[in-house]
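Owing to the predicted nature of the structure, the values given are computational and were not obtained by experimental measurement. Both counts, for ligands and for their atoms, begin at 1 and track the order of listing. Heavy atoms only: backbone and side chains are in, while hydrogens, waters and symmetry mates are out.
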Amino acid sequence: MYKDIATPRRTKEILERYGFSFKKSLGQNFLIDANILRKIVDVADISPDTGAIEIGPGIGALTEQLARRAKKVVAFEIDGRLLPILADTLSPYDNVRIFHQDVLKVDLHAVIAEELADVSDRMVVANLPYYVTTPIIMKLLTERLPIRGMVVMLQKEVADRLAAKPGTKDYGSLTIAVQYYTEAEVVMTVPRTVFMPQPNVDSAVIRLVKRQHPPVVVDDEGVFFQVVRASFAQRRKTLFNNLTNNLPGGKENKEKIERVLVALGIDPRRRGETLDIAEFASLSNALAPLFG
Ligand code: SAM
């Protein structure tokens with residue numbers, strides 16, 4: 001077994017050898033605690049049948065832990081300066097493929113079809129760059145990829161939003177999207193001290209396991225997410241005001257919207273954050289004929 005990359009000493013040594021300087025704008029906070037990385041791999045349930053997909057391998061700290069347990073690892077790194085470093089640090093592993101790419105621009109279906117056709121299980125595992133956490137998660141959720149789910153490290157505050165319950169301050173349109181596609185669970189919180197350099201916030205690891213079927217029946221997903229987004233547009237406003245102000249044609253359909261809410265037994269004066277996903281589903285199904 002080779003030495004772990006994720007120790008303060010080895011990380012410093014690698015960074016010095018290559019004269020690497022961190023780019024804050026790319027969310028570069030590298031993990032320097034191999035035990036935490038092994039726990040992430042455990043929580044993701046990575047086996048010799050798994051194809052792991054990593055976003056932002058950095059200098060390979062998590063990548064090598066994945067390579068030791070998975071059948072294959074495919075990773076996307078945006079920063080070209082890290083490519084020669086990764087070629088060096090990951091040279092002991094022949095089951096890793098690094099792509100120099102922005103994950104937001106990658107055709108993930110095509111890469112999976114090319115690189116991970118021969119695995120029976122696929123999982124995304126990543127210590128995400130914090131400046132783009134939400135767009136990355138939304139891309140992974142909405143593209144309906146052939147994956148089991150994802151285990152990702154992100155800001156604790158965002159993890160709390162993803163797993164929030166109705167009526168709490170963290171509950172919002174991102175919560176509903178995540179709960180529509182997955183079962184979400186915060187599996188550990190991680191102190192800022194295990195990163196180099198240390199970020200300004202604490203982190204958490206969240207596990208999102210894809211649902212076989214959505215938890216609610218939605219007639220039109222486009223309208224469903226439009227209604228959800230409109231309902232949370234201004235958190236201090238009532239549901240009725242948010243829907244009429246933020247749905248296309250909302251102002252002209254004020255009376256109809258009010259009638260729909262009353263018929264569903266949803267008080268128009270409630271705030272969006274008090275509705276659970278089932279209420280959003282029936283609301284969007286009833287509104288779809290007006291706005292679809
Ligand atoms: N996985 C490493 C670790 O745990 O130590 C590094 C994690 S660091 C938080 C995030 C990594 O994502 C950095 O290496 C950064 O260059 C890379 N990155 C940032 N934006 C990216 C993007 N849009 N696509 C792919 N990689 C990105």
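- Less than 4.0 angstrom separates some heavy atom of N29 from each of these atoms of ligand 1: 7 (C), 8 (S), 9 (C).
- For F30, heavy-atom contacts with ligand 1 shorter than 4.0 Å involve the backbone as well as the side chain.
- Of the N or O atoms in A61, none lie within a sub-3.5 Å distance of an N or O in ligand 1.
- Contacts between P57 and ligand 1 below 4.0 angstrom, taking non-hydrogen atoms only, involve the backbone exclusively.
- Proximity of K72 to E115: side-chain heavy atoms (C-beta onward) are separated by under 4.5 Å at one or more points.
- Near Q28, meaning under 4.0 Å from any of its heavy atoms, are these atoms of ligand 1: 13 (C), 15 (C), 16 (O).
- The distance from ligand 1 to the heavy atoms of G27 drops below 4.0 Å at these ligand atoms: 8 (S), 9 (C), 10 (C).
- Every atom of ligand 1 with a heavy atom of L82 under 4.0 Å away is listed here by number and element: 14 (O).
- Looking only at side-chain heavy atoms (C-beta outward), F22 and L15 come within less than 4.5 Å of each other.
- Aromatic rings of F232 and F280 (six-membered ring for Trp) have centroids within the 6.0 Å cut-off, being under it.
- Using a 3.5 Å distance cut-off with no hydrogens or angles, the side chains of Q155 and T133 do pair a donor with an acceptor.
- At the top of the distance list for atom 24 (N) of ligand 1, counting protein heavy atoms only, stands V103 N, 3.0 Å.
- For a threshold of 3.5 Å applied to N or O pairs, the pair formed by G56 and ligand 1 contains at least one separation below that value.
- Side-chain contact of N29 with Q198: a donor-acceptor pair under 3.5 Å is absent, judged by distance alone.
- Distances below 4.0 Å separate heavy atoms of E77 from the following atoms of ligand 1: 13 (C), 14 (O), 15 (C), 16 (O), 17 (C), 26 (N).
- Regarding atom 19 (C) of ligand 1, its nearest protein heavy-atom neighbour is L26 O, 3.2 Å.
- Proximity of R122 to R148: side-chain heavy atoms (C-beta onward) are nowhere separated by under 4.5 Å.
- Under a 4.0 Å criterion applied to the non-hydrogen atoms of Y131, ligand 1 contributes the atoms 19 (C), 20 (N), 21 (C), 23 (N).
- Checking only distances, E54 does come within under 3.5 Å of ligand 1, N or O to N or O.
- Residues L283 and L243 form a side-chain contact, since some pair of their non-hydrogen atoms from C-beta on lies under 4.5 Å apart.
- The protein heavy atom nearest to atom 4 (O) of ligand 1 is N127 ND2, 2.9 Å.
- Both V106 and I147 are members of a single hydrophobic cluster when ILVMFWY side chains are connected at heavy-atom separations under 4.5 Å.
- The shortest contact between atom 27 (C) of ligand 1 and any protein heavy atom is with I78 CG2, 3.5 Å.
- Close contacts between ligand 1 and Q101 involve ligand atoms 24 (N), 25 (C) [criterion: under 4.0 Å to a heavy atom].
- The distance criterion of under 3.5 Å between nitrogen or oxygen atoms is not met by L128 with respect to ligand 1.
- Every residue two or more places apart in sequence or in another chain was checked for a side-chain hydrogen bond (donor to acceptor under 3.5 Å, both in side chains) with R9, and none qualifies.
- Proximity of T11 to I59: side-chain heavy atoms (C-beta onward) are separated by under 4.5 Å at one or more points.
- Atoms of ligand 1 lying under 4.0 Å from any heavy atom of D102, numbered from 1 in the order shown and given with element: 22 (C), 23 (N), 24 (N).
- In this structure, the protein non-hydrogen atom closest to atom 5 (O) of ligand 1 is L31 N, 2.9 Å.
- No more than 12 heavy atoms of other residues, nucleotides or ligands sit less than 6.0 Å from atom NZ of K237.
- Panel note: side chain T244, backbone N241; a donor-acceptor pair is recorded below 3.5 Å.
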